[in-house]
Amino acid sequence: MTAGAKMPPRLAALIVPVCLLGLIVGVAAAASFALTARSLGTLLGVASLLAASVLAERYPVPLDGIDTGGVSLLFVFCVGTIVLYGWEAGVIVALAAPIMHLAQHRPGIRVAYNAAVLSIVAAAAGIAVSLVPDGGAGSILGKVAAAAFVNYTLNLLLISLVLSISGGKSLFEVARTSLSVTMVPFA
């Protein structure tokens with residue numbers, strides 16, 4: 001879609017509510033994070049993970065045989081932030097990292113949608129983490145697994161949905177392709 005082009009109604013019906021929900025989640029996370037006392041170590045930890053996530057977005061990892069420009073490791077830093085510092089910090093890291101794409105002259109609506117999706121999935125992953133009981137290494141592993149599963153699954157669904165609508169392809173086809181591209185290298 002070019003700048004100034006009118007967004008098709010089916011696409012707007014997805015993008016507008018996702019962006020609004022992402023904004024609401026982002027504002028709630030920022031407010032909650034700001035209103036809770038944090039140690040200097042926590043602030044430095046979150047800032048470090050934010051910096052790492054911005055670098056991960058700026059320099060994606062290339063995958064052989066896949067013409068996508070690479071795969072971002074933002075996922076890793078978001079999951080780590082959620083598990084270590086809570087959903088609020090995870091949402092802040094997830095929401096802020098894609099903003100740097102504006103400097104790369106990517107369409108604003110694409111950046112907004114991606115940032116909104118990332119903030120929504122980070123909040124959902126935070127809910128999943130909160131359901132895992134505290135207690136030892138097994139708990140930490142469970143929290144990482146829960147956050148990673150929810151983050152990956154919901155992100156795959158929301159990104160596949162927008163690509164499906166904008167490309168006129170079936171959701172199943174787009175999701176299957178995305179799944180094969182992102183999971184096969186790790187199998």
Side-chain angles (χ1 to χ4, degrees), residues 18-19 22-23 25-64 66 68-108 110-130 132 134 137 139-159 178-179 181-187:
V18 168
C19 287
L23 178 63
V25 168
V27 168
S32 178
F33 190 83
L35 296 173
T36 304
R38 310 282 176 174
S39 70
L40 180 60
T42 295
L43 295 175
L44 290 174
V46 172
S48 297
L49 288 165
L50 176 58
S53 70
V54 169
L55 285 173
E57 279 294 286
R58 175 64 183 100
Y59 301 105
V61 176
L63 295 177
D64 289 335
I66 299 170
T68 63
V71 174
S72 171
L73 295 178
L74 172 62
F75 169 86
V76 174
F77 299 110
C78 287
V79 168
T81 304
I82 293 162
V83 171
L84 293 172
Y85 300 111
W87 75 272
E88 301 97 331
V91 168
I92 291 166
V93 167
L95 185 60
I99 301 303
M100 57 79 45
H101 289 297
L102 290 173
Q104 295 173 319
H105 306 291
R106 294 200 179 151
R110 179 178 168 189
V111 173
Y113 184 80
N114 287 339
V117 165
L118 290 169
S119 70
I120 293 165
V121 301
I127 292 168
V129 165
S130 72
V132 178
D134 289 331
S139 173
I140 293 172
L141 179 60
K143 289 175 187 249
V144 168
F149 177 79
V150 169
N151 190 310
Y152 180 83
T153 304
L154 193 52
N155 191 5
L156 177 74
L157 175 65
L158 290 171
I159 297 299
S178 295
L179 187 63
V181 167
T182 57
M183 293 302 280
V184 170
F186 304 106

Donor-acceptor contacts under 3.5 Å from residues 50-58 side chains, at least two apart:
residue : atom : partner : partner atom : Å
S53     : OG   : L49     : O            : 3.4
S53     : OG   : L50     : O            : 2.7
E57     : OE1  : H101    : NE2          : 2.6
E57     : OE2  : S72     : OG           : 2.5

| message | If I compare all heavy atoms of A147 with all of V79, which pair ends up nearest, and what's the gap? | response | CB-CG1, 3.9 Å
| field | Straight-line distance of C78 SG to I92 CD1, nearest 0.5 Å | value | 11.5 Å
| message | According to side-chain contact (heavy atoms from CB on, under 4.5 Å), who are the partners of A123, at least two apart in sequence or on a separate chain? | response | V25, W87, V91
| remark: Sequence neighbours excluded, the answer for side-chain contact (heavy atoms from CB on, under 4.5 Å) partners of A146 is A128, V132
| query | What residues, two or more places apart in sequence or in another chain, satisfy side-chain contact (heavy atoms from CB on, under 4.5 Å) together with V46? | reply | F33, T42, Y85, A89, V93
| query | Which atom names give the shortest non-hydrogen contact between A94 and S119, and what distance separates them? | reply | CB-N, 4.2 Å
| query | Got a second to check how far F149's CZ is from L154's CG, nearest 0.5 Å? | reply | 10.5 Å
| remark: Nearest heavy-atom contact between I82 and G126 is CG2-CA, 3.7 Å
| query | Can you list the residues that meet the side-chain contact (heavy atoms from CB on, under 4.5 Å) rule with N155, with sequence neighbours excluded? | reply | V117, L118, V121, N151, I159
| query | Pairs in or reaching into residues 25-36: which pass side-chain hydrogen bond (donor to acceptor under 3.5 Å, both in side chains), with residues at least two apart or in two chains? | reply | S32-E88
| request: Evaluate the criterion side chain to side chain contact (heavy atoms under 4.5 Å, CB included) for residue pair D134 and K143; output intermediate values, then yes/no. | output: CA-CA 9 Å; D134 289 331; K143 289 175 187 249; 2.6 Å; yes
